[in-house]
Number of protein chains: 2
Amino acid sequence: MAANGRNENGSIHQYIISVKVENRFGVLARVAGLFSARGYNIDSLAVSATEDDGISVMTIVVKGDDRVIEQVKKQLNKLIDVIKVTDHTESATVQQETVLVKLNAIPKNRAEIYQLCEFFSADIAGISPKTITLSAKGDPDKLDNFIELIKPYGIRELMRTGRISMLKE
Amino acid sequence: MAANGRNENGSIHQYIISVKVENRFGVLARVAGLFSARGYNIDSLAVSATEDDGISVMTIVVKGDDRVIEQVKKQLNKLIDVIKVTDHTESATVQQETVLVKLNAIPKNRAEIYQLCEFFSADIAGISPKTITLSAKGDPDKLDNFIELIKPYGIRELMRTGRISMLKE
């Protein structure tokens with residue numbers, strides 16, 4: 001089996017894996033190392049606090065071969081400091097993400113940009129004579145749609161947080 | 001000099017470091033490794049897409065000794081696949097983050113929770129007979145304040161994306 005996710009016999013999917021970890025140094029490097037050892041690149045990663053002090057959650061979005069990802073999940077479970085691994089790929093989830101984007105915005109374009117912000121419940125985070133900085137929150141598809149629509153105005157800088165994912169009841 | 005950020009001679013601060021990287025496997029593990037090798041734990045990390053295909057940005061929030069962080073920044077700059085390291089700690093920035101939180105919410109508490117959502121421009125992402133799931137976006141201080149106010153209702157599950165940070169014009 002190829003180690004780089006390009007195995008013709010397996011199928012490549014995008015996975016969303018949630019890993020609850022003890023908030024200790026080294027755990028992030030070990031988790032990241034499990035993916036890079038297989039030549040897998042992480043599409044997005046969000047690591048932050050949870051309801052419990054000392055516990056963090058990593059939400060990993062990665063494309064890979066079904067069988068390789070199964071192996072990685074097993075190995076994640078064996079890592080010291082990993083409390084729980086949950087695969088959110090096929091589950092009913094709430095997914096949210098934030099984007100920050102700085103646009104070229106000469107005054108005559110502002111009205112159109114404001115209209116898009118209203119439609120997407122985006123906020124104006126900053127404004128200068130030639131630029132406007134917007135922030136928007138939503139599920140990743142909504143944000144893709146938002147970015148597509150504001151792209152024609154000229155994107156100077158864009159960054160996304162990476163998604164977080166919570167299982168529905 | 002102690003390697004664990006507890007050096008009495010230096011001073012410990014929270015840093016916000018933005019690292020633009022080529023989106024290749026291994027770079028995340030190497031960056032994480034630079035911090036963990038010094039016994040530094042990352043408070044939050046957001047890794048995701050930028051305006052350029054093939055380039056990701058990592059926003060790292062970490063507490064550490066001033067001099068050790070300076071070393072880490074130099075070493076980050078030397079890493080293969082690292083394009084640019086920017087320290088946002090002292091700069092004028094726009095910072096945004098998203099939180100997802102599942103609360104215990106019996107019907108008689110809902111009205112109060114709805115009010116808080118309105119005040120914080122939070123959205124109701126899901127509702128069940130005994131729970132309510134909220135999502136909110138904002139700068140980290142605003143989200144801390146939101147979490148403090150909803151805590152008394154009983155938090156079942158909480159996760160944050162980790163902040164992203166963009167320099168102002």
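Computed from a predicted structure; not experimentally measured. Every chain is numbered from 1, with letters handed out A, B, ... down the list of sequences.
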Next item on the list: First locate atom CD1 of A/I155, then atom OG1 of B/T50, and finally report the distance between them rounded to the nearest 0.5 Å.
Entry: 10.0 Å
Check: Are the side chain of A/E51 and the backbone of B/L158 linked by a donor-acceptor contact shorter than 3.5 Å?
Finding: yes
Checklist line | Under 4.5 Å from any heavy atom of chain A - which part of B/K151 | finding: neither
Next item on the list: Using non-hydrogen atoms and a 4.5 Å limit, figure out which bit of B/R160 sits close to chain A: side chain, backbone, both or neither.
Entry: both
Checklist line | Point-to-point distance, once rounded to the nearest 0.5 Å, from CG of B/N41 to CG of A/L28 | finding: 8.5 Å
Note to self: Need one label for B/D52: side chain, backbone, both or neither, based on atoms under 4.5 Å from any heavy atom in chain A.
What the structure shows: neither
Checklist line | Segment of B/V57 engaging chain A (4.5 angstrom heavy-atom cut-off) | finding: side chain
Checklist line | Joint cluster assignment, B/M58 & B/F35, ILVMFWY side-chain distance < 4.5 Å | finding: yes
Notebook entry, point to check: What's the spacing between B/T161 OG1 and A/K137 NZ if we round to 0.5 Å?
Noted result: 11.0 Å
Next item on the list: Using a cut-off of under 4.5 Å on heavy-atom pairs, state which of B/D43, B/L100, B/V94 scores highest against chain A.
Entry: B/L100
Next item on the list: Check each atom of A/S165 against the heavy atoms of chain B and say whether the ones under 4.5 Å are side chain, backbone, both or neither.
Entry: backbone
Notebook entry, point to check: What residues of residues 118-136 of chain A sit under 4.5 Å from chain B when only non-hydrogen atoms are counted?
Noted result: A/D123, A/A125, A/S128, A/T131, A/T133, A/S135, A/A136
Note to self: Counting heavy-atom pairs under 4.5 Å with chain B, which one of A/I164, A/T59, A/D139 comes out on top?
What the structure shows: A/I164
Notebook entry, point to check: Does any heavy atom of chain B fall under 4.5 Å from the side chain of A/L167, the backbone, both, or neither of them?
Noted result: backbone
Margin query: Tell me if the CD atom of A/Q14 is crowded by more than 12 foreign heavy atoms within 6.0 Å.
Written below: yes
Notebook entry, point to check: Going through the distances and angles, do A/I42 and B/V47 end up as a side chain to side chain contact (heavy atoms under 4.5 Å, CB included)?
Noted result: CA-CA 9 Å; A/I42 287 172; B/V47 186; 6.0 Å; no
Notebook entry, point to check: Among B/Q96, B/K168, B/R163, which residue forms the greatest number of heavy-atom pairs with chain A at distances under 4.5 Å?
Noted result: B/Q96
Notebook entry, point to check: Is there a path of hydrophobic side-chain contacts, each under 4.5 Å between heavy atoms of I, L, V, M, F, W or Y residues, that connects B/L149 with B/Y114?
Noted result: yes
Check: How long is the gap from CD on A/E157 to CE on B/M166, to the nearest 0.5 Å?
Finding: 4.0 Å
Notebook entry, point to check: Are A/I55 and B/L45 co-members of a hydrophobic cluster defined by side-chain heavy atoms under 4.5 Å apart?
Noted result: no
Notebook entry, point to check: Is it the backbone or the side chain of A/V27 that comes under 4.5 Å from a heavy atom of chain B, or both, or neither?
Noted result: neither
Margin query: Taking side chain as everything from C-beta outward and backbone as N, CA, C, O, which of these in A/R156 sits under 4.5 Å from a heavy atom of chain B? Side chain, backbone, both or neither.
Written below: both
Margin query: Tell me whether B/I83 shares a hydrophobic cluster with A/M159, the cluster being built from Ile, Leu, Val, Met, Phe, Trp, Tyr side chains joined at under 4.5 Å.
Written below: no
Margin query: Can you tell me which portion of B/I147 sits under 4.5 Å from chain A's heavy atoms? Options are side chain, backbone, both or neither.
Written below: neither
Item checked: Which atoms of A/V99 approach chain B - backbone, side chain, both or neither, heavy atom under 4.5 Å -> backbone
Item checked: Co-membership, hydrophobic cluster, residues B/V31 and B/V68, 4.5 Å side-chain -> yes
Item checked: chain B interface, residue from A/S56, A/A49, A/G33, A/G138 that has the most non-hydrogen pairs under 4.5 Å -> A/A49
Margin query: Any non-hydrogen side-chain atom of A/E97 less than 4.5 Å from a side-chain atom of B/S48?
Written below: yes
